[in-house]
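These notes concern the structure reproduced below.
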Amino acid sequence: MIHKTKRYLVDVLGLNIDVDLWSENRRLPVYLQDSYKFQQTTLHNLPCLLMIALGEQEQTPAVIRKHAENIRDRWEGEVIYVRRNITAYNRHRLIQHKVSFIVPEKQLYLPLLGIDLREHFRRIRSEREQLSPSSQAVVINVLLDHNNHKYAPRELADKLGYSTMALTRVFDELEFAGIATTSRQGRKRFIEFPVDKRHLWETAGKFLRDPVKKRVYVNRMSSQIPNVVAGLTALSRMSMLSAPDRMTYAISGKAWKTIKEEDGLKQLPPIESDAIELEIWHYNPVTFAINGGVDPFSLYLSLRDSNDERIQIALEEMMEKIKW
DNA sequence: GTCTAAATTCCATGTTTGGT
DNA sequence: ACCAAACATGGAATTTAGAC
């Protein structure tokens with residue numbers, strides 16, 4: 001219901017009306033003509049007139065109510081005030097004044113329609129520009145795999161510890177992003193990546209995310225923490241960068257959850273110099289671990305946003321050594 | 001047809017996150 | 001601090017299409 005309404009509003013408010021027929025035929029006072037754009041519509045079969053605020057400056061609620069009443073005299077139906085943003089204070093006052101209003105994609109207050117949802121619609125997140133963790137895990141797996149570039153869902157599911165339906169979604173996602181192509185043979189489905197891994201790395205690059213979901217600091221090492229170093233500890237092993245004082249390990253979210261419950265590690269503030277840094281990953285770092293460290297691709301992604309020049313140089317150095 | 005394996009859809013669940 | 005949306009993924013049921 002809420003979703004339906006939301007979609008509806010987005011559709012209605014997304015319309016661009018070139019000629020404002022309603023107000024032209026009404027010879028509205030100039031101050032109304034100048035301040036608003038009017039648009040007719042219906043909501044749940046009730047005629048509505050959207051009174052869309054044009055000015056940057058937000059009017060006071062009392063003024064808005066006057067305007068709305070003025071309009072209501074010339075229109076049989078609901079008059080709805082529309083503004084891109086309304087301050088919290090004015091929103092309260094509008095509700096007190098019983099002025100219907102819409103903040104596109106965020107808020108809706110329509111008492112006369114029996115809708116008193118002061119539902120604040122969350123900003124619609126922009127088009128997904130990052131792959132889901134499972135999709136990224138597949139890409140990393142392919143980048144590290146020198147023997148193959150075409151896979152079936154089942155084998156990837158087994159290898160990476162996901163279900164086959166997770167792989168169904170992964171296939172769709174990677175195809176949609178233009179990173180890979182999928183095909184079918186009978187009921188089997190396959191996904192095929194560029195043979196040139198370098199090319200794959202480049203096309204996938206902008207869709208890949210920092211694998212680190214969260215960083216925590218603990219007082220001691222635990223046998224349950226996988227022996228997979230990450231962060232600067234890992235980078236120092238793969239470049240000329242000197243080793244940092246503090247060890248950094250990577251762990252999957254799932255593993256961290258059980259360790260936290262079972263092993264009673266103490267979490268410390270990041271300042272403690274003898275703390276161990278744990279990176280909690282979106283996918284399982286152990287799957288791709290090489291020689292007790294995380295894979296270079298994930299490592300690169302975890303540090304590429306650093307603005308420390310030495311780190312950037314070390315990353316470059318590491319990438320140059322990769323045998324594609 | 002019926003059986004079966006693989007994939008997919010629908011729904012459920014635990015977690016994270018953004019906005020008051 | 002709280003709440004609901006969004007996210008990530010899995011379980012069960014359902015569909016698909018090859019094999020007999």
Side-chain angles (χ1 to χ4, degrees), chain A residues 1-10 58 61 83-96 101-109 115-141 150-177 179-192 207-216 250-262 267 278-287 298 301:
Chain A
M1 170 61 191
I2 289 172
H3 297 288
K4 248 178 146 175
T5 311
K6 177 175 167 180
R7 175 175 300 255
Y8 189 78
L9 291 177
V10 171
E58 190 176 0
R83 196 169 202 288
R84 189 134 293 282
N85 44 54
I86 298 177
T87 62
Y89 172 75
N90 281 344
R91 188 157 49 239
H92 271 112
R93 302 302 308 277
L94 285 173
I95 289 164
Q96 278 172 12
F101 65 84
I102 292 172
V103 181
E105 296 175 28
K106 286 183 192 147
Q107 283 151 346
L108 168 68
Y109 176 69
I115 304 175
D116 185 357
L117 306 172
R118 262 156 283 160
E119 183 72 41
H120 41 276
F121 300 132
R122 164 181 297 244
R123 165 191 305 284
I124 295 170
R125 295 201 187 168
S126 49
E127 295 267 314
R128 161 183 295 296
E129 71 303 319
Q130 286 197 322
L131 296 176
S132 66
S134 46
S135 294
Q136 179 158 333
V138 168
V139 172
I140 300 291
N141 177 69
K150 188 174 181 181
Y151 308 83
R154 185 76 253 162
E155 58 174 317
L156 288 169
D158 291 341
K159 170 110 191 271
L160 305 176
Y162 292 105
S163 62
T164 54
M165 46 181 168
L167 269 294
T168 291
R169 289 186 282 249
V170 167
F171 277 34
D172 293 342
E173 215 174 294
L174 292 176
E175 178 161 60
F176 183 76
I179 293 171
T181 54
T182 69
S183 59
R184 281 167 209 278
Q185 276 172 33
R187 63 195 168 212
K188 278 196 179 167
R189 200 176 176 196
F190 294 96
I191 190 163
E192 195 167 353
F207 297 103
L208 298 176
R209 68 172 78 198
D210 180 353
V212 181
K213 184 157 56 169
K214 199 176 163 193
R215 289 187 169 81
V216 298
I251 188 172
S252 72
K254 208 173 170 186
W256 166 243
K257 193 166 177 286
T258 54
I259 288 176
K260 200 168 51 167
E261 281 159 12
E262 288 170 14
Q267 282 192 50
L278 281 187
E279 290 183 354
I280 299 162
W281 278 29
H282 281 107
Y283 46 94
N284 190 356
V286 178
T287 314
S298 299
L301 295 168

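Computed from a predicted structure; not experimentally measured. Throughout, a chain's letter reflects where its sequence line sits, starting with A, and its residues are numbered from 1.
Distances shorter than 4.0 Å separate some side-chain N or O of A:Arg184 from OP1 or OP2 on B:dT8. Contact annotation: A:Tyr162 side-chain N/O to C:dG10 OP1/OP2 distance is not under 4.0 Å. Regarding contacts with the backbone of B:dT15, a side-chain N or O of A:Lys257 is found under 4.0 angstrom from either OP1 or OP2. Note on A:Ser163: every side-chain N or O is 4.0 Å or more away from OP1 and OP2 of C:dG11. Close to B:dA7, at under 4.0 Å from its OP1 or OP2, lies no side-chain N or O of A:Thr168.
The shortest heavy-atom contact between A:Arg189 and A:Asp172 is NH2-OD1, 2.8 Å. Residues A:Lys159 and A:Asn141 approach most closely at NZ-OD1, 2.5 Å, considering heavy atoms.
Atom CZ in A:Phe190 sits roughly 11 Å away from atom C1' in B:dA6 (whole-Å rounding). Atom pair A:Leu167:CG and B:dA5:P shows a separation of 19 Å (rounding to whole Å applied). Atom CG of A:Leu160 and atom P of C:dT9 are 11 Å apart (whole Å). When rounded to the nearest whole Å, the span between CD of A:Gln185 and P of B:dA7 equals 11 Å. Rounding to whole angstrom units, CD1 of residue A:Ile191 and P of B:dA7 are separated by 12 Å. Rounded to whole Å, atom P of B:dT9 lies 9 Å from atom CZ of A:Arg189. Atom CG of A:Leu131 is separated from atom P of C:dT9 by 11 Å (rounded to the nearest Å). Summarising the geometry, the separation between CE on A:Met165 and C1' on C:dA12 is reported as 9 Å, rounded to the nearest angstrom.
Residues A:Glu173 and A:Ser135 have side chains that bring a donor and an acceptor to within less than 3.5 angstrom of each other.
Among A:Leu174, A:Thr168, A:Leu167, the single residue meeting the side-chain contact (heavy atoms from CB on, under 4.5 Å) criterion with A:Phe171 is A:Leu167.
Which of C:dA8, B:dT15, C:dG10 sits closest to the side chain of A:Pro133 comes down to C:dA8. You'll find that the side chain of A:Arg169 is closest to C:dG10, out of C:dA8, C:dG10, B:dT15. Here the nucleotide nearest the side chain of A:Lys188, chosen from C:dG11, C:dT9, B:dA7, is B:dA7. Comparing B:dA7, B:dT8, C:dA8 against the side chain of A:Arg154 picks out B:dA7 as the nearest.
Rounded to the nearest 0.5 Å, atoms CG (A:Leu208) and CD1 (A:Ile179) are 6.5 Å apart.
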